Number of protein chains: 2
Amino acid sequence: MCPIRITLTDDHPLVLAGMKALLQDVEDIEIVGEATDGQTALDVIQQTTPDIAILDISLPGVSGLEVARRLAAQMPQVRLLALTVHEDHAYVQPMLQAGARGYLLKRSAADELERAVRAIAGGGLYLDPAIAEKALPSSHGAHSSSGTPATSELTPRESEVLRLIAQGFSNKEIANQLSISIKTVETYKARAVEKLGLFTRADIVRYGVALGWLGHPAKSADQA
Amino acid sequence: MCPIRITLTDDHPLVLAGMKALLQDVEDIEIVGEATDGQTALDVIQQTTPDIAILDISLPGVSGLEVARRLAAQMPQVRLLALTVHEDHAYVQPMLQAGARGYLLKRSAADELERAVRAIAGGGLYLDPAIAEKALPSSHGAHSSSGTPATSELTPRESEVLRLIAQGFSNKEIANQLSISIKTVETYKARAVEKLGLFTRADIVRYGVALGWLGHPAKSADQA
DNA sequence: TGATCCGTCGGGAAAAACCTGACTTTGGCT
DNA sequence: AGCCAAAGTCAGGTTTTTCCCGACGGATCA
């Protein structure tokens, strides 16, 4: 039997190296590629066509979610294992809808990683126990045709504004950054919080934290 | 020669296991303890008295900074290597003042970890190149006598208010939470931003992120 | 060929934040 | 004992921001 071929993606080289060290000791697992950002991950995965692509969701540049969506469209045979610190439901669902076959938390036990890999390699689906509880109950049928079911389907503008708000920018500052009117910013914000059921700025910040918009000091400076 | 004895602390078991895997392959390095929270870290370190304690700064419960300060007071012979995602200057300085002998970023290359360990074990001080630049220029002479030179000497109240602001709460919400007048909250905020040289809310959020006030979705719920 | 969604704005009312100034208590210093 | 600085507390009044309601053109889709 040929080994399970895996690519790893995490924006922290140290964490990446750690996971690699963890996995490469295992007999029938082979690390065939690594990346520390979304674009590179896409490239590496396309070049190596691994059995499983493990990727952190919070990536600089192209986000993990974006990577997942593109892979689902371009290389559906590659199975995705999402690996992240975020256990918020709002984040799990989109990831699974984007085609992820597994969702593991960084706070998970180390041996869960191998377990998840084997489960997915065997064609299964593996969710961390902690999130499995949350993810399953509210589940839905299976409509991946038109695109977006319920929550979290913000328009790009809405999402952008919400992120900037979470980062502490005022409507005026956002208006300047995006070169639009304050009024427009207010509209996006209003529509976004309406869709997501958020009320206070603190809600928005929490949402942003869950989505990985914050907590990555070094990165940022993306949209222009 | 006896090996370098090390304890590891990181709140993500997976990351912890990864670093362990990275380090334990090295000849003269021995992992003598692990922890995933600040209190446990303190216990483990006190029990094992390692040569070097590697600890992530953003920890649930007792923060890494707090751990560093207590260790500096109780076990100065244990050398600390701070390991974190935060490369903000505002975070490096307090950590070094708290006695850390090294500061490494998770975005650092993997071999830097071993390098840092050896440097510190040899009695040296190791800063990640990326932060060394920032840390050194603005530096200071060597006044560790009275305590706090310039920044970050917020009163408890100021710090508390600033944290809540970073989390997105309005002055009014904070006033309610702390059972004080809005006006008082405004005063603390004003004094805090004055001391820290912050200007916009976004500045405050960034400061909070650097201090680990945000970015830990699952955790929180501390002060009452 | 309407309905709907997205991006874009304005006016005016309401809320929040900001600036200036002030009072009290605690503690150290002379 | 008197002095003074720092920390905690608050108010009045002005400025800024946000919030609510409404609107319009373009694209898309049935």
Side-chain angles (χ1 to χ4, degrees), chain A residues 66 69 94 97 143-208 222-224, chain B residues 143 145-208 223-224:
Chain A
E66 195 51 38
R69 286 182 170 147
Q97 286 179 347
H143 44 171
S144 52
S145 44
S146 63
T148 46
T151 54
S152 75
E153 215 44 28
L154 302 179
T155 71
R157 274 317 213 196
E158 287 163 358
S159 183
E160 200 164 15
V161 166
L162 213 58
R163 181 173 56 82
L164 292 170
I165 290 174
Q167 289 174 347
F169 292 101
S170 72
N171 292 353
K172 179 190 280 185
E173 291 168 329
I174 295 169
N176 288 336
Q177 287 184 42
L178 302 183
S179 298
I180 55 180
S181 159
I182 290 185
K183 294 304 184 176
T184 307
V185 174
E186 291 173 357
T187 300
Y188 297 152
K189 177 186 178 182
R191 289 177 184 170
V193 300
E194 162 67 27
K195 287 180 182 176
L196 296 176
L198 307 176
F199 296 94
T200 67
R201 254 202 306 283
D203 288 334
I204 298 175
V205 171
R206 273 192 290 271
Y207 181 82
D222 20 295
Q223 94 302 341
Chain B
H143 42 173
S145 45
S146 62
T148 44
T151 54
S152 76
E153 216 43 28
L154 302 179
T155 72
R157 276 316 216 197
E158 288 163 357
S159 183
E160 200 164 15
V161 166
L162 213 58
R163 181 173 55 81
L164 291 169
I165 290 173
Q167 291 174 345
F169 293 102
S170 71
N171 292 354
K172 178 190 279 186
E173 290 168 329
I174 295 169
N176 288 336
Q177 287 184 42
L178 301 182
S179 298
I180 55 180
S181 158
I182 290 185
K183 296 303 184 176
T184 308
V185 173
E186 291 174 355
T187 299
Y188 297 152
K189 177 186 179 182
R191 289 178 183 169
V193 300
E194 164 66 26
K195 287 181 182 176
L196 297 176
L198 306 176
F199 296 94
T200 66
R201 256 203 305 283
D203 289 334
I204 299 175
V205 170
R206 274 191 289 270
Y207 180 81
Q223 94 302 340

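Just so it is clear, the structure is predicted and the values come from calculations on it, not from any experiment.
- Between the side chain of B/Lys183 and the base of D/dG13 there is at least one donor-acceptor pair of N/O atoms closer than 3.5 Å.
- When atom types are taken as modelled, the side chain of A/Asp203 and the backbone of A/Thr200 share a donor-acceptor pair closer than 3.5 angstrom.
- Protein atom NZ of B/Lys189 is 18 Å distant from nucleotide atom P of D/dT9, rounded to whole Å.
- A/Ser181 comes within 4.0 angstrom of sugar-phosphate atoms only, judged by non-hydrogen atoms across all strands, and of no base.
- Distances from the side chain of A/Arg191 to the nucleotides D/dT17, C/dA16, C/dT8 place C/dT8 closest.
- Distances shorter than 4.0 Å separate none of the side-chain N or O atoms of B/Lys172 from OP1 or OP2 on C/dA15.
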Working for salt bridge (Lys or Arg N to Asp or Glu O under 4.0 Å), residues A/Glu160 and A/Arg157: CA-CA 5 Å; A/Glu160 200 164 15; A/Arg157 274 317 213 196; 3.3 Å; yes
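- Proximity of B/Asn171 to the phosphate of C/dA17: a side-chain N or O atom is located under 4.0 Å from OP1 or OP2.
- In terms of phosphate contacts, B/Thr184 brings a side-chain nitrogen or oxygen within less than 4.0 Å of OP1 or OP2 of D/dC10.
- The phosphate of C/dT8 (OP1 or OP2) has a side-chain N or O of A/Tyr188 nearer than 4.0 angstrom.
- Between A/Arg201 and the phosphate of C/dA16, there is no side-chain N or O to OP1/OP2 separation shorter than 4.0 Å.
- Of the listed nucleotides (D/dT9, C/dG12, C/dC18), D/dT9 has the atom at the smallest distance from the side chain of B/Thr187.
- For the pair B/Ile182 CD1 and D/dG12 P, the interatomic distance rounds to 13 Å; values are reported in whole Å.
- For A/Ile180, taking side-chain heavy atoms from C-beta onward, the closest of the listed nucleotides C/dT8, D/dT17, C/dA17 is C/dT8.
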